[in-house]
Chemist: 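Right, I'll just put the structure down here and ask away after.
These values consider heavy atoms only, across backbone and side chains, with no hydrogens, waters or symmetry-generated copies. Counting starts at 1 for both ligands and their atoms, following the listed order.
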Amino acid sequence: MLNNLNFLPENSSAIVMGANGGIGKAILKTIKSKYKFKNVFGLSRKSEIYINYYSEESIKKAAEYFLSESLNIRLIINCAGYLYDKEFLPEKSIKDIDINYMQKSFYMNSIGPALFMKYFFPVLPRDNKFIFANLSAKVGSISDNKLGGWLSYRSSKAALNQLVKCMSIELYRRNKNSICVAIHPGTVDTNLSKPFNKKGLNVRTPDVAANEILSVISSLNTTHNGKFLDYKFKEITF
Ligand SMILES: NC(=O)c1ccc[n+]([C@@H]2O[C@H](COP(=O)([O-])OP(=O)(O)OC[C@H]3O[C@@H](n4cnc5c(N)ncnc54)[C@H](OP(=O)(O)O)[C@@H]3O)[C@@H](O)[C@H]2O)c1
């Protein structure tokens with residue numbers, strides 16, 4: 001149910017990082033059409049205020065822009081991430097580990113988001129409700145790992161989950177109304193899942209997933225700070 005992100009004052013701003021990806025684009029569109037934010041910024045490698053995780057300078061510059069504009073940022077959703085490309089597929093076993101694939105996975109799923117947290121921290125509100133949601137993946141849960149494989153993706157998302165936890169603790173010290181979470185979007189029909197969305201999985205369209213994710217985000221309160229939740233609002237153990 002799309003309940004209530006409209007608790008936020010009408011001068012609030014939202015940022016969607018990775019706004020050009022399958023889920024990010026749908027989230028950006030849905031926020032613009034269903035919620036009352038004054039400004040909604042979509043950041044990607046192609047946007048005017050652009051961010052490329054491989055360029056620390058681009059993250060710093062983007063954060064400086066938001067700081068200088070003193071916008072009332074109340075929601076950030078990070079939708080960027082990486083699983084495979086033309087060169088690399090996820091490992092089936094430990095013997096498949098490739099340093100270049102592993103580095104790329106960690107850069108995209110952990111280091112880039114960590115730099116984003118570092119540079120955007122000063123931009124975030126010191127009081128009032130603020131939500132920072134990071135799209136993670138259930139396979140990043142260590143306690144849920146029954147199959148092994150996908151070592152780089154799993155471990156880079158586990159690292160992201162740890163970063164979310166650290167960020168939630170520091171944000172709480174600064175603003176008791178902050179909520180920082182990791183969200184598993186489930187299997188969504190995007191480029192990222194294409195080779196893997198087998199029959200039997202509950203594959204949803206990006207638009208459906210965007211509504212589900214925003215419904216979870218709408219329902220968050222401060223007791224959820226630092227948690228890992230799925231698109232049905234069920235908590236996942238780290
Ligand atoms: N789809 C699923 O079934 C599924 C399942 C579990 C978790 N997830 C997670 O959900 C998130 C979104 O996935 P998706 O399915 O929407 O994937 P996607 O369509 O492949 O989108 C990936 C996003 O990452 C961005 N990106 C790629 N390289 C980048 C770089 N160097 N710097 C900054 N951004 C970069 C892309 O931007 P460009 O447009 O600029 O390339 C794009 O916005 C990911 O974190 C993924 O791990 C997805």
Chemist: Using side-chain heavy atoms (C-beta onward) and a distance below 4.5 Å, is Leu75 in contact with Ser12?
Modeler: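 With C-beta onward as the side chain, the pair stays apart.
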
Chemist: With a 4.0 Å cut-off on heavy atoms, is Gly112 touching ligand 1?
Modeler: no

Chemist: Among all the protein's non-hydrogen atoms, which is closest to atom 42 (C) of ligand 1, and how far away is it?
Modeler: Gly21 CA, 3.5 Å

Chemist: Would you mind listing which atoms of ligand 1 come within a distance below 4.0 Å of any non-hydrogen atom of Tyr54?
Modeler: 31 (N)

Chemist: Ser219 side chain to Ser215 main-chain N or O, any donor-acceptor pair under 3.5 Å?
Modeler: yes

Chemist: Which is closest to atom 5 (C) of ligand 1 in terms of heavy atoms, Ala137, Gly186, Ser193?
Modeler: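 Heavy atom nearest to atom 5 (C) of ligand 1 belongs to Gly186.
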
Chemist: For the 3.5 Å polar cut-off, considering only N or O atoms, please tell me whether Gly18 and ligand 1 meet it.
Modeler: yes

Chemist: Any idea which of Tyr153, Tyr82, Tyr231 brings a heavy atom closest to atom 46 (C) of ligand 1?
Modeler: Tyr153

Chemist: Taking a cutoff of less than 4.0 Å between a non-hydrogen atom of the residue and any ligand atom, is Lys157 in contact with ligand 1?
Modeler: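 It does, in that a heavy atom of Lys157 comes within the 4.0 Å cut-off of ligand 1.
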
Chemist: Only heavy atoms of Lys46, strictly under 4.0 Å: list the atoms of ligand 1 that pass.
Modeler: 39 (O), 40 (O)

Chemist: Tell me, which protein residue and heavy-atom name are nearest atom 14 (P) of ligand 1, and how many Å apart are they?
Modeler: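 Ranking protein heavy atoms by distance from atom 14 (P) of ligand 1, first comes Thr190 OG1, 3.7 Å.
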
Chemist: With a 4.5 Å heavy-atom cut-off, do Pro90 and Leu83 have their side chains touching?
Modeler: yes

Chemist: Taking both backbone and side-chain atoms of Tyr53, is any N or O found less than 3.5 Å from an N or O belonging to ligand 1?
Modeler: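 Yes, since at least one N or O of Tyr53 sits under 3.5 Å from an N or O of ligand 1.
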
Chemist: What protein heavy atom lies closest to atom 24 (O) of ligand 1? Include the residue and the distance to one decimal.
Modeler: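 Looking at atom 24 (O) of ligand 1, the protein heavy atom closest to it is Gly81 N, 3.2 Å.
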
Chemist: May I ask whether Met17 has any heavy atom positioned less than 4.0 angstrom from an atom of ligand 1?
Modeler: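 It does; at least one heavy atom falls under 4.0 Å.
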
Chemist: Look at ligand 1 and say whether Ala209 reaches it with a heavy atom at a distance under 4.0 Å.
Modeler: no

Chemist: Heavy atoms only, cut-off 4.0 Å: how does Ile51 contact ligand 1, side chain, backbone, both, or neither?
Modeler: backbone

Chemist: Closest non-hydrogen protein atom to atom 31 (N) of ligand 1, residue and atom name please, with distance?
Modeler: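 The closest heavy atom on the protein side is Asn52 OD1, 2.9 Å.
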
Chemist: Donor-acceptor pair, Ser143 side chain versus Phe238 backbone, under 3.5 Å?
Modeler: yes

Chemist: Between Asp96 (side chain) and Ser93 (backbone), is there a donor-acceptor pair under 3.5 Å?
Modeler: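 Present.
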
Chemist: Return the closest protein heavy atom for atom 3 (O) of ligand 1 as residue, atom name and distance.
Modeler: Val188 N, 2.8 Å

Chemist: With sequence neighbours excluded, tell me which residues meet ring-ring contact (aromatic ring centres under 6.0 Å, His included) with Phe66.
Modeler: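 With neighbours one apart ignored, the set is Phe41, Phe120.
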
Chemist: List the closest protein heavy-atom neighbour of atom 20 (O) of ligand 1: residue, atom name, distance to the nearest 0.1 Å.
Modeler: Leu192 CB, 3.6 Å

Chemist: Which value, rounded to the nearest 0.5 Å, describes the distance between Lys60 atom NZ and Lys118 atom NZ?
Modeler: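 Separation between the atoms: 9.0 Å.
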
Chemist: From atom 27 (C) of ligand 1, is the closest protein heavy-atom distance below 4.0 Å?
Modeler: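 For atom 27 (C) of ligand 1 the answer is yes, since some protein heavy atom falls inside 4.0 Å.
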
Chemist: Drop me the distance from Arg74's CZ to Asn11's CG, to the nearest 0.5 angstrom.
Modeler: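 Output value for this atom pair is 7.5 Å.
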
Chemist: Need the ligand 1 atom indices (1-based, order shown) with element for anything under 4.0 Å from a heavy-atom of Leu135.
Modeler: 10 (O), 11 (C), 45 (O)

Chemist: Please could you name the atoms of ligand 1 that Ala80 approaches to less than 4.0 Å, counting only its heavy atoms?
Modeler: 23 (C), 24 (O), 25 (C), 34 (N), 44 (C), 45 (O)

Chemist: Check whether any heavy atom of Pro206 sits under 4.0 Å from an atom of ligand 1.
Modeler: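 Flag not set, Pro206 not near ligand 1.
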
Chemist: So which of Cys79, Gly42, Ala210 gets nearest to atom 11 (C) of ligand 1, if we judge by its closest heavy atom?
Modeler: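 Heavy atom nearest to atom 11 (C) of ligand 1 belongs to Cys79.
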
Chemist: Check the pair Tyr231, Val188 against side-chain contact (heavy atoms from CB on, under 4.5 Å), reporting the backbone distance first and the verdict last.
Modeler: CA-CA 11 Å; Tyr231 63 99; Val188 185; over 6 Å; no

Chemist: Calculate, to the nearest 0.5 Å, the distance between atoms CG and CZ belonging to Leu160 and Phe228 respectively.
Modeler: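 These two atoms lie 8.5 Å from each other.
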
Chemist: Among all protein heavy atoms, pick out the one at the shortest distance from atom 8 (N) of ligand 1; state its residue, atom name and that distance to 0.1 Å.
Modeler: Pro185 CG, 3.5 Å

Chemist: Scan Phe196, Trp150, Tyr101 and name whichever one has a ring-ring contact (aromatic ring centres under 6.0 Å, His included) with Tyr84.
Modeler: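 Between Tyr84 and the candidates, ring-ring contact (aromatic ring centres under 6.0 Å, His included) is satisfied uniquely by Phe196.
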
Chemist: What I'd like to find out is whether the side chain of Glu91 reaches to under 4.5 Å of the side chain of Ile94, using heavy atoms alone.
Modeler: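 Not in contact.
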
Chemist: State yes or no: are the ring centers of Tyr107 and Tyr53 separated by less than 6.0 Å?
Modeler: no

Chemist: For Ser156, does its backbone N or O pair with a side-chain atom of Ser110 as donor and acceptor, under 3.5 Å?
Modeler: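 At least one qualifying donor-acceptor pair exists.
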
Chemist: How long is the straight-line distance from CZ of Arg45 back to CG of Asn20, given to the nearest 0.5 Å?
Modeler: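 Result: 8.5 Å between the selected atoms.
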
Chemist: Out of Met108, Arg204, Lys104, Arg45, who gets a non-hydrogen atom closest to atom 40 (O) of ligand 1?
Modeler: Arg45

Chemist: Identify, for atom 18 (P) of ligand 1, the protein heavy atom at the shortest distance, and state residue, atom and that distance.
Modeler: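 Looking at atom 18 (P) of ligand 1, the protein heavy atom closest to it is Gly22 N, 3.9 Å.
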
